[in-house]
Amino acid sequence: MGGTVTQTHPAETARVPKKADGSSREALDANIIIANAPDPVFVSDLEGRILQANEAVSELLGFRPDELLEQSLSRFISPEETREFMDALDEVVERGVTRNARLNSRSASGEVIPTSLNASALRGPDGKVIGAIGILRDMRELDEARRYAESLIKNAPDPVFVSDLEGKILQANDAVSELLGFREDELVEQSLSRFISPEERREFTAALREVVERGVTRNAMLHPRSASGEVIPTSLNASALRDAEGRVIGAIGILRDMRELDKARAYAESLIKNAPDPVFVSDLEGRILQANDAVSQLLGFRPDELLEQSLSRFISPEETREFTAALREVVARGVTRNARLNPRSASGEIIPTTLNASALRDLDGKVIGAVGILRDMRAYERVVRDLRASQGELQEKILDLEKFEEVVVGRELKMIALEKEVESLRQQNERMKAERNPA
């Protein structure tokens, strides 16, 4: 057979190279993978000339494969982005990879399509980098979602900001400016540490770590200083800000102005402290978090002997179970009424009380404990005992009266019978006289 030379397209010879006879199958497999990849994948040389592009690239840009092959990528992107792409190729040569380079390719219809480029090195048989294998990601939906998110942040009624993982503010809506009194340009690109204390900087850094690890942090307390110098108590809820690969790159924080809530809390604490009835606050395990003077007076313990103590210290095991059941009712219904407790006082006296409790809720409305009001039932039980004693005495008197009534009625009946007998004898006597003395 005479030797023949087969003409091949230059692009075909520049595909993923065959390293050696034993590696030709790997090279063929690479070409098959590129051709059938669901994402837009292309191969370029180090000058940015497209050597191979799969159908997904054609679908993305609207060009036929023959309109892409052997073309410089600069045909589809701006001069500025061409320079950026060449920088990305330099990074591929130096590091073997580049990630999330931005390209805004112009499609066949003239639409500018935002994409993200991840590229890895294409190597020759000697291991030298001879080009790049690039994977494009269509960013239109992501950019639209980002714009929508930015619109939500901008128009949110609550103070919302975006920060990187070092705490630098990247975006802040008008509500943040209203809360702190700073213009937007005085907030953006500033570190949050400018507005909070060194101690709270550590807390915010810990909150960012929690966002990275768990994707969210809740109710971290921050006290930023406003433009007027006022320290404003706020609660921070933050969620993860992720890049196109799902990696956490920052946080979206929502601040809640706690001034009114702090006033309400201070007012509630004042009401509890000054209430005439014994009032205490407990968590859902029955641990006493707050107790007013009336509780101390009732039980004879100092406040420091009550706080942080479990209520089970003062009541029996059976009543501890009843109190736990009352807490479950508080969680389920928001209130429990007239639960019986008999706490033991400092002197050892068992004091009968009734408990009315209502739910203690956190900022999210979740029940985290109970506010309990005790009623001293000793006077009531004395009254009940006195009434029962009086009732017994009254019953005895009624029995005596009944006996007396029986005696009196019996006498009256006897008198009536005697009167009837006397009248009968009188009438009999009259008849006898009349018979002896006839007219």
Side-chain angles (χ1 to χ4, degrees), residues 271-272 274-280 282 286 291-301 311-330 332-359 370-439:
L271 286 180
I272 291 172
N274 297 296
D277 294 316
V279 181
F280 68 93
S282 82
N292 66 359
D293 291 341
V295 175
S296 295
Q297 292 170 5
L298 175 68
L299 299 181
F301 291 101
L311 200 68
S312 61
R313 175 187 166 187
F314 307 100
I315 55 178
S316 68
E318 181 181 352
E319 287 193 336
T320 299
R321 290 190 291 271
E322 291 178 8
F323 178 69
T324 302
L327 285 177
R328 284 199 297 269
E329 187 178 15
V330 166
R333 299 176 51 198
V335 68
T336 188
R337 298 193 183 283
N338 297 326
R340 296 289 297 197
L341 293 181
N342 295 279
R344 186 180 298 274
S345 72
S347 66
E349 179 187 0
I350 302 295
I351 301 176
T353 66
T354 61
L355 168 70
N356 287 346
S358 56
V371 180
I373 302 175
L374 295 172
R375 178 172 293 172
D376 186 348
M377 300 297 289
R378 286 176 294 186
Y380 173 80
E381 291 196 352
R382 280 197 297 270
V383 170
V384 170
R385 286 195 300 270
D386 291 344
L387 285 174
R388 285 175 180 167
S390 298
Q391 185 179 17
E393 292 176 2
L394 183 61
Q395 286 176 341
E396 289 179 1
K397 289 179 180 179
I398 289 172
L399 288 174
D400 291 341
L401 286 172
E402 287 176 350
K403 290 178 182 178
F404 177 74
E405 183 180 12
E406 288 177 0
V407 171
V408 170
V409 170
R411 287 179 179 176
E412 288 181 353
L413 291 174
K414 287 180 180 179
M415 289 296 294
I416 291 170
L418 286 172
E419 287 176 358
K420 287 181 178 180
E421 187 176 353
V422 167
E423 179 62 22
S424 175
L425 290 171
R426 187 183 65 76
Q427 291 175 357
Q428 186 178 2
N429 185 45
E430 289 292 329
R431 284 196 301 271
M432 289 176 66
K433 282 181 179 182
E435 288 175 357
R436 284 196 301 267
N437 302 304

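Scope of the values below: all heavy atoms of this structure, side chains included, with no hydrogens, waters or symmetry mates.
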Check whether any side-chain heavy atom of Leu299 sits under 4.5 Å from a side-chain heavy atom of Pro343, and report yes or no.
yes

Would you indicate whether the side-chain heavy atoms of Pro278 and Thr353 approach each other to under 4.5 Å?
no

Rounded to the nearest 0.5 Å, how far apart are [atom1] of [X] and [atom2] of [Y]?
X	Y	atom1	atom2	result
Arg378	Ile350	CZ	CD1	11.5 Å
Arg337	Glu329	CZ	CD	9.5 Å
Ile373	Thr354	CD1	OG1	10.0 Å
Arg340	Leu355	CZ	CG	11.0 Å
Arg375	Leu298	CZ	CG	13.0 Å

Go through it in stages, so that I can follow the logic: the residues are Leu341 and Leu311, the test is side-chain contact (heavy atoms from CB on, under 4.5 Å), and I'd like the CA-CA distance, side-chain angles, deciding distance and then a yes or no.
CA-CA 10 Å; Leu341 293 181; Leu311 200 68; 4.2 Å; yes

Take atom [atom1] in [X]; do more than 12 heavy atoms of anything else shown fall under 6.0 Å from it?
X	atom1	result
Glu421	CD	no
Arg333	CZ	no
Arg313	CZ	yes

Test side chain to side chain donor-acceptor pair (under 3.5 Å) applied to Asn356 - qualifying residues, sequence neighbours left out:
none

Pairs meeting criterion side chain to side chain donor-acceptor pair (under 3.5 Å) with involvement of residues 317-328, two or more places apart
Glu319-Asn342

Which pair of heavy atoms, one from [X] and one from [Y], lies closest together, and at what distance?
X	Y	answer
Ile351	Ser345	CD1-CB, 3.8 Å
Pro276	Ala294	O-CB, 3.6 Å
Leu327	Ala370	CD2-CB, 3.7 Å

Go through the steps for Glu423 and Lys420 under the test salt bridge (charged side-chain N to carboxylate O under 4.0 Å, His left out), then give the verdict.
CA-CA 5 Å; Glu423 179 62 22; Lys420 287 181 178 180; over 6 Å; no

For the side chain of Asn429 and the backbone of Met432, is there at least one donor-acceptor N/O pair under 3.5 Å apart?
no

